[in-house]
Amino acid sequence: MKNDEKSITNQDINRLLRRGVAEIIVEEEMIELLRSGKKLRLKEGFDPSFSDIHLGHMVSLRKLRQFQELGHQVVLIVADWTAQIGDPSGVSVTRPMLSVEQVMANAETYMQQFFKVVDKDKTEVRWQSEWFDKFTLTEVIQLTSKFTVAQLLARDDFSARYNDGRPIALTEFLYPLLQAYDSVAIEADVEFGGTDQKFNLLLGREYQNMMGQRPQQCFMTPLLVGTDGSQKMSKSLGNYIGVAEPPNEIYGKVMSIPDSLILQYFELVTDVPDEELGEFKQGLKDESINPMILKKHLAREIVSPLYSQKEATEAEENFTKVFQKREVPEEIEEYHLSFSEFAPDLTQPVNIDISRLLVKIGLAKSRSEANRFIAQAGTTIAGETVTSHLAEVQSGSIIKVGKRRFAKVINTDK
RNA sequence: GGAGGGGUGCCGGAGUGGUUAAUCGGAGCAGACUGUAAAUCUGCCGCCCUAAGGGCUACGCAGGUUCGAAUCCUGCCCCCUCCA
């Protein structure tokens, strides 16, 4: 099978199944499937109660892409039904039901970002409502009768809550069941997910088996730690780096991860070869590489594929300029306003109420906050630190709050 | 049906009549330091007016007691656990 197009090399298998993978159930079966030359149906679900993809999701999306490059088919499931239940891993059980419009809008945004990484031509998009809208109570009962409470409590997340006396909504039990049904509905060969999805993935496997299908492989990717350096990346924790964010933001956020996360990020969300990673590891260990330099490299590697090489370089230049040299960025938002509006009295020279101005141009949320910035010497106008509440401002001056918020004000008077 | 527990600021979680805008932790923000928006240290961290100083709103909701309530009383709403 040397020159057979369908053949897969050991190198491919290694790349596919080793790096950026937490666990595969069952690995031998997975390898067998890959070797069989069959075009595999790869299931990936997404909950449309959110719409933004972050780097944490990238770990498995990048895997999907790699599989696609070998000719396999991705089936993206828009989980419009389970979204109404809410993923049980969260603390809050009750989630507001999303309107159809909201779901549609989220799905659209999501897919836009999804296809930045995953090949659209090799992706089939399916909605849960295709099959669940037609569900009758009979079918719900049939589905639920296949599983026991003990089985569901086996999920550590459920059992932990149960043992702590914390609530578990009945609908939450339904969540994994519906997800399992999806696998049957689309005849998945492999389902992807983070390690926190293990239970759900396994249940799909089990249900398929009951329904006479070949049980899917469960392909679990590690959970990426967020910018806080301790918890998994998630939007609700606010420690995420969104793929739709502007290059400067992504670059900057990558620079804000703790140094200890550098290697993990390289491994999970870049294509930098393993050998190089080994060198980095050694370099960090014997301190021959400055972590900051390495992190800049990482930031470039992350921004480039999402945007372009050029934009990555620009983001880097911006970072160097603004944060390392403490200079003013290239592009600053301009605000045209009447200065006299902010002057308590119009004697010359005109002194402007700075806190009022900061609120007006959005650099501060409230006047109290603006006053704090001033008191903490965190405000600069044309390079001069603001020390009192009233200060002279020239038209065209650049106002800076903190390290990274800038605005240019233009006087529209006269 | 019965018994019990609970609803506090972005989150977690103290506080049971006064000096409590409310301990503490996390998050966030500012400053210092730094070749990083790393780490570390210091400070800030409801809103409004202000030069200082002051005012207003806030501890599920609505009333009440009191000079004074997140804290006591009454009613209501909501959440959780256990027994059946």
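Below, read A as the first sequence line, B as the second, and so on, with proteins coming before strands; counting in each chain starts at 1. Only a predicted model underlies this, so the values are computations on that prediction, with no experimental measurement involved.
- In this entry B/rG4 has B/rC80 as its Watson-Crick or G-U wobble partner, both defining distances falling under 3.5 Å.
- Between A/Lys400 atom NZ and B/rA30 atom P there is a gap of 10 Å when expressed in whole angstrom units.
- Under the 30°/60° scheme for interplanar angles, the aromatic rings of A/Tyr181 and A/Phe132 are found to be tilted.
- Residue side chain A/Gln324 does not reach the base of B/rG35 through any donor-acceptor N/O pair under 3.5 Å, judged by distance alone.
- Pairing for B/rU34 is absent, judged as Watson-Crick or G-U wobble with the two contacts each under 3.5 Å.
- For A/Phe373, whose side chain is taken as the heavy atoms from C-beta onward, the closest listed nucleotide among B/rC29, B/rA37, B/rG35 is B/rC29.
- Relative to the side chain of A/Gln376, the nucleotides B/rU50, B/rA30, B/rG31 differ in distance, and B/rA30 lies closest.
- In a base pair of the Watson-Crick type (N1 to N3 plus N6-O4 or O6-N4) or a G-U wobble (N1-O2 and O6-N3), with each distance short of 3.5 Å, B/rU74 is matched with B/rA62.
- Among the heavy atoms of the strands lying under 4.0 Å from A/Gly402 are primed sugar atoms or P, OP1, OP2 only; no base atom is included.
- Contact annotation: side chain of A/Asp259 to base of B/rU36, donor-acceptor pair present below 3.5 Å.
- Taking CD from A/Gln231 and CG from A/Asn239, the interatomic distance works out to 7.0 Å, rounded to the nearest 0.5 Å.
- When each of A/Glu206, A/Gln208, A/Lys43 is checked for a side-chain hydrogen bond (donor to acceptor under 3.5 Å, both in side chains) with A/Ser183, only A/Lys43 meets the rule.
- When Watson-Crick and G-U wobble pairs are counted only if both distances are under 3.5 Å, B/rG18 pairs with B/rC67.
- Atom CG of A/Asp228 and atom P of B/rC10 are 21 Å apart (whole Å).
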- A/Thr82 and A/Gln128: side-chain hydrogen bond (donor to acceptor under 3.5 Å, both in side chains), yes or no, with the steps? CA-CA 8 Å; A/Thr82 39; A/Gln128 273 185 326; 3.2 Å; yes
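- Of the candidates B/rC29, B/rA38, B/rA37, the closest approach to any side-chain atom of A/Pro258 belongs to B/rA38.
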Output a table of nitrogen or oxygen pairs between the protein and nucleotides 46-48 of chain B separated by less than 3.5 Å.
{"from": "B/rC47", "atom 1": "OP1", "to": "A/Ser366", "atom 2": "OG", "distance (Å)": "3.0"}
{"from": "B/rC47", "atom 1": "OP2", "to": "A/Arg372", "atom 2": "NH2", "distance (Å)": "2.6"}
{"from": "B/rC48", "atom 1": "OP1", "to": "A/Arg367", "atom 2": "N", "distance (Å)": "3.4"}
{"from": "B/rC48", "atom 1": "OP2", "to": "A/Arg367", "atom 2": "N", "distance (Å)": "3.1"}
{"from": "B/rC48", "atom 1": "OP2", "to": "A/Ser368", "atom 2": "N", "distance (Å)": "2.9"}
{"from": "B/rC48", "atom 1": "OP2", "to": "A/Ser368", "atom 2": "OG", "distance (Å)": "3.0"}

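- Cation-pi geometry between A/Lys325 and A/Phe319 is not met at under 6.0 angstrom from the ring centre and within 45 degrees of the axis.
- Separation of the C1' atoms belonging to B/rC29 and B/rC45 is 7 Å when rounded to the nearest angstrom.
- Between the base of B/rU34 and the side chain of A/Arg326 there is a donor-acceptor pair shorter than 3.5 Å.
- Under 3.5 Å, the side chains of A/Gln102 and A/Asn106 contain a donor-acceptor pair of N or O atoms.
- Side chain to side chain, A/Lys120 and A/Gln68 fail the donor-acceptor criterion of an N or O pair below 3.5 Å.
- Closest to the side chain of A/Lys295, from the set B/rA38, B/rG35, B/rA37, is B/rA38.
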